[in-house]
Engineer: 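Sharing a structure here in C-alpha cells format.
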Amino acid sequence: MRTDYCGRLSSEDIGRTVTVCGWVAKRREHGEFLAFVDLRDHTGLIQCVVDHAHEIRSEYVLAVTGVVRPRPDDTINADLATGEIEIGDASVKILSQSDPVPFQIDRAGEVDETLRMRHRYLDLRTQRMQTNLRRRAVVNGAIRRSMESQEFLEVETPMLIASTPEGARDFVVPSRLHAGTFYALPQSPQLFKQLCMVGGIDRYYQIARCMRDEDLRADRQFEFSQLDMEMSFADGDDVREIVSVAIADATEVVTGERPGLIPSMTWLDAMNNYGSDKPDIRFGMQLTELSEVFAQTDFNAFKAPSVKGIRLPGGGDTTRNRLDQLTDRAKGWGAKGLVWIKVGANGEVNSPVAKFMSETEIAGVLKALDAEEGDICFIVADKWRRTVHVLGLLRLELGRPPVNEGGYNFLWVTDFPLFESINEDGSPVPAHHPFTMPHEEDISLLNAKHDDPEKLLEIRSQAYDLVLNGWELGSGSVRIHKRELQQQIFELLGINEEEAQAKFGFLMNAFRYGAPPHAGFAFGIDRLTALLSGEENIREVIAFPKSQSGSDPLTEAPTEIDPAQLKELGLRLLPPVT
RNA sequence: GGUCCCGUGGUGAAGUCUGGAGUUCACGCCGGCCUGUCAAGCCGGAGGUCGCGGGUUCAAAUCCCGUCGGGACCGCCA
C-alpha cells in the first residue's frame, strides 16, 4: 500500500514514483485545477500537488501516488524538512473520511488539556506526542540494553498480590473464587524482588508498572513505570554505580551527551542547605543558618530552635501585595510567619519588623546572606524541620527555573534517616520501608528506644534517592537480610512477631533459608522521560493518562459496574454518603 | 482534608473588577472566486443555555451562595 514515509522523502528520491499514506494536515486550493495537500504521517509532512481536491478535507486519510519532483526554485519552503520537493501529478485515494476535528492538530498546544484528553487519539497525532512517546520508547530500550549488558535478568512479578497496610493506599481487586477477600495491585515489586534474591537470581530488573491510590500531581499518576532492580552481594555504592550507568545510557540516547559522574549529598546537607530531600541544584538561593545571629535576640519570634534565611537577588522591588501573598503561603506551609528585609543603599533596610531587631542583628543577617543593595531576604524561625521545609518551598517558589532550563542536574541524596518521626506511643515511623538497613555505625543506637526515643531519629539508614532538577526520580536501599535484625526493627516499629508473621511472614520465612546480602533501587521512567523531554507534566509522556481527579476523560473511567458483577464478587454497595 | 487559578459559538482569547441588547478579534467550518501556495488570498455565510443550579436586582457572562469539570500546590505519596 505504501512505498515511502512522508517525512523521509528527499531530493534523492526525485524521479521516483511513490505512494505515501497519511492524514491531510492542510489543503490549499487554487481554483479547480490546482491544489496543494500537505500529507502527514509520524515522520513528517510532504506537499502533494493535485489537480482536483474539492472532496478532500482536513484529517482525511489518503493514499497518494505520484512522482517526486523538485519544487520550482522560488517555492522552496525552508521551514519544512521536505520543503525542496513535492509529489507531483498526484492521484489520491481516499481511505477514510473525517468529521471536522474538535481542535486543529497543529494547534493542540493551545487548547484546553481536557479537550486533548477527551480526544487523545487526535492529540497523539501531534508532533509533540509523537516525539514524546517515541522518546519514551527509546529511553525504555536504552535502559533494557543497559541492564542486560550489566547482566541483570528481567523477571516479571505478579500484578495481583496481597495487600500490606504499610506505605501508600492500595488499589484493590475483589476475588471471585474467594468471596470477601481481595488482591492488591503492586505499589512496587519490592517484596518479590527480594524473594528473587533469596532465589538466587543474583541480578534482577524489570520495567514495572506500579499502582498507588494517592492524590495525583504533575509528576504523579495512579499508575507509573519504574526501572526496578535488585542485586545480591552488593552494597549501596554498587547499586548506585549500576543505576548511574543505566541513567547515563538513557540520557545519552536522548540528548547525545553522556552525563558525568553524579554528585552525592547527604540528606542532612540537602535539608539544611535546600530545605528539601530532593534539592533542585540548578540554582543557588541556599538556606543560610542565622541561629548564631539571633542567639541573644529580644525578638520573640526569633527565639526558636532554628532560624534560617534565604536571599532573592534583586528582589527588592517585590510588591507589598506579593509579599503578603508569600506570607500567606508560608503560613499555609506551616510557618508562624515570614519575615522579609529589603536592602537599600548604605545598609539601610526596609522591614516591618526592623524595629524588633538590633542593628547588630540586621547587619549579621545581611552579612550571613551576602545581601546587597536591591536584594530581599526572607527569614523563618521555628523548629528545624518546619524552618527548612518552609524556606525550601519558598526557595522553589521564588527561584525555580522553568523545567527545560539549566541542563540535567542529577544528584544522589544519601544517608536518609531510618525513621522520620516518633509516634505518640514512642515507636518510630520508618522513613523508607521497614526492610531498610540502618547505617552500620548507627546500629548500636537501635537500643535507644527506652531511654531516649528522640535518639532514634539520628539513626541513618543505607537508603538513597536519585534526584534530577528537583524531582525525585527514584529511591533504593540496602536491605536487611538477617531475621534477627529485621525482627528487632519490627519490634521497634511496634509490630509484634505475630503481626510481622501475618504481614511479611513469607519474606521472614524466606530469610530462614540463606538470604544473600542485597540492595536495590527503582526510578520512575515517566519522570525521567518528561524531564528529558522538557515537559513539566508526566501526562505529556503518557499515551492515556488520568486527570488530577483520577478519571479518564476519554473512557470516562472509573465507571459503575453491573449489579450482577457485584453479586458474583460477593460485594454490596453502601448507600452514597450524604 | 485544605489553599489558589480557570470554565464565553467547534477552538483560542477579550469582555467580568465598575451589572445595561450575545458584543469583538483570530483560527476552524460551510458556499463562491482563484494555476505555485505553504498561517495561501479575496468575497459571503452559518454557528453561543457565557459549565450547571439557586439568590440579589427593574436588569446578571459580570455581584453573592452552592455545585460540577479541569489545572497548580500543601497534606498524602513506607
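In what follows, chains carry the letters A, B, and so on, assigned in the order in which the sequence lines appear, proteins first and then strands, with residues in each chain numbered from 1. It should be emphasised that the depicted structure is a prediction, and the values quoted were computed from it without experimental measurement.
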Engineer: Please state how far atom CZ in A/Arg107 lies from atom P in B/rA13, giving the value in whole angstrom units.
Structural biologist: 12 Å
Engineer: Given B/rG70, is OP1 or OP2 found less than 4.0 Å from the side-chain N or O atoms of A/Ser549?
Structural biologist: yes
Engineer: Considering only B/rG70, B/rC73, B/rC27, which nucleotide approaches the side chain of A/Asp112 most closely?
Structural biologist: B/rG70
Engineer: Is it true that, when you exclude A/Asp89 itself, more than 12 heavy atoms of the residues, nucleotides or ligands shown sit nearer than 6.0 Å to its CG?
Structural biologist: no
Engineer: A/His119 vs A/Arg125, test: side chain to side chain donor-acceptor pair (under 3.5 Å). Steps then yes/no.
Structural biologist: CA-CA 11 Å; A/His119 303 277; A/Arg125 291 180 193 169; over 6 Å; no
Engineer: When the C1' atoms of B/rG19 and B/rA60 are compared, how many Å lie between them, rounded to an integer?
Structural biologist: 6 Å
Engineer: Answer with yes or no whether A/Asp215 presents, from its side chain, a donor or acceptor under 3.5 Å of a partner atom in the base of B/rG75.
Structural biologist: yes
Engineer: Side chain of A/Glu113, base of B/rG69: donor and acceptor closer than 3.5 Å?
Structural biologist: no
Engineer: Answer with yes or no after comparing the ring centroid distance for A/Phe435 and A/His481 against a 6.0 Å cut-off, counting only values under it.
Structural biologist: no
Engineer: Check if the side chain of A/Arg212 and the base of B/rC76 share a donor-acceptor pair of N or O atoms closer than 3.5 Å.
Structural biologist: no
Engineer: Any residue in residues 24-34 of chain A with a heavy atom nearer than 4.0 angstrom to RNA chain B? Just list them by number, or reply none.
Structural biologist: A/Lys26, A/Arg28, A/Glu29, A/His30, A/Gly31, A/Leu34
Engineer: Kindly say if A/Arg116 contacts the phosphate of B/rG70, meaning a side-chain N or O under 4.0 Å from OP1 or OP2.
Structural biologist: no
Engineer: Tell me: CH2 of A/Trp471 to P of B/rC73, nearest whole Å?
Structural biologist: 9 Å
Engineer: Taking the six-membered ring for Trp and the full ring for Phe, Tyr or His, determine whether the centres of A/Trp471 and A/Phe523 are under 6.0 Å apart.
Structural biologist: no
Engineer: For a quick test of reading the model: is some side-chain N or O of A/Ser547 closer than 4.0 Å to OP1 or OP2 of B/rG70?
Structural biologist: yes
Engineer: Starting the side chain at C-beta, find the nucleotide from B/rC74, B/rG70, B/rU11 nearest to A/Arg217.
Structural biologist: B/rC74
Engineer: Between A/Asp123 and A/Arg116 (salt bridge meaning N to carboxylate O under 4.0 Å), is one present in this structure?
Structural biologist: yes
Engineer: Hey, would you say the A/Phe504 and A/Phe490 ring centroids sit under 6.0 Å apart?
Structural biologist: yes
Engineer: If the P atom of B/rC17 is compared with that of B/rC29, how far apart are they to the nearest Å?
Structural biologist: 36 Å
Engineer: Taking only the side-chain heavy atoms of A/Arg220 (C-beta and beyond), determine which of B/rG12, B/rC74, B/rC77 contains the nearest atom.
Structural biologist: B/rC77
Engineer: Mind checking A/Leu393 for me? I need base, sugar-phosphate or nothing, with any heavy atom below 4.0 Å counting as a touch.
Structural biologist: sugar-phosphate
Engineer: Reckon A/Gln548 has a side-chain N or O less than 4.0 Å from the OP1 or OP2 of B/rA72?
Structural biologist: yes
Engineer: Under 4.0 Å between a side-chain N/O of A/Asn77 and OP1 or OP2 of B/rG36, yes or no?
Structural biologist: no
Engineer: Start at the 5' end of RNA chain B and walk down; is the nucleotide closest to A/Gln325 or to A/His54 reached first?
Structural biologist: A/Gln325
Engineer: Using the aromatic ring of A/Phe103 (for Trp, its six-membered ring), decide whether it stacks on the base of B/rU11 within the limits of 5.5 Å and 30°.
Structural biologist: no
Engineer: Taking the C1' atom of each, how far is B/rC52 from B/rA40, in whole Å?
Structural biologist: 42 Å
Engineer: List for me each residue that meets salt bridge (charged side-chain N to carboxylate O under 4.0 Å, His left out) alongside A/Asp170, sequence neighbours excluded, and say none if there are none.
Structural biologist: none
Engineer: Could you check whether atom CD of A/Glu536 has more than 12 heavy atoms from other residues, nucleotides or ligands sitting under 6.0 Å from it?
Structural biologist: no
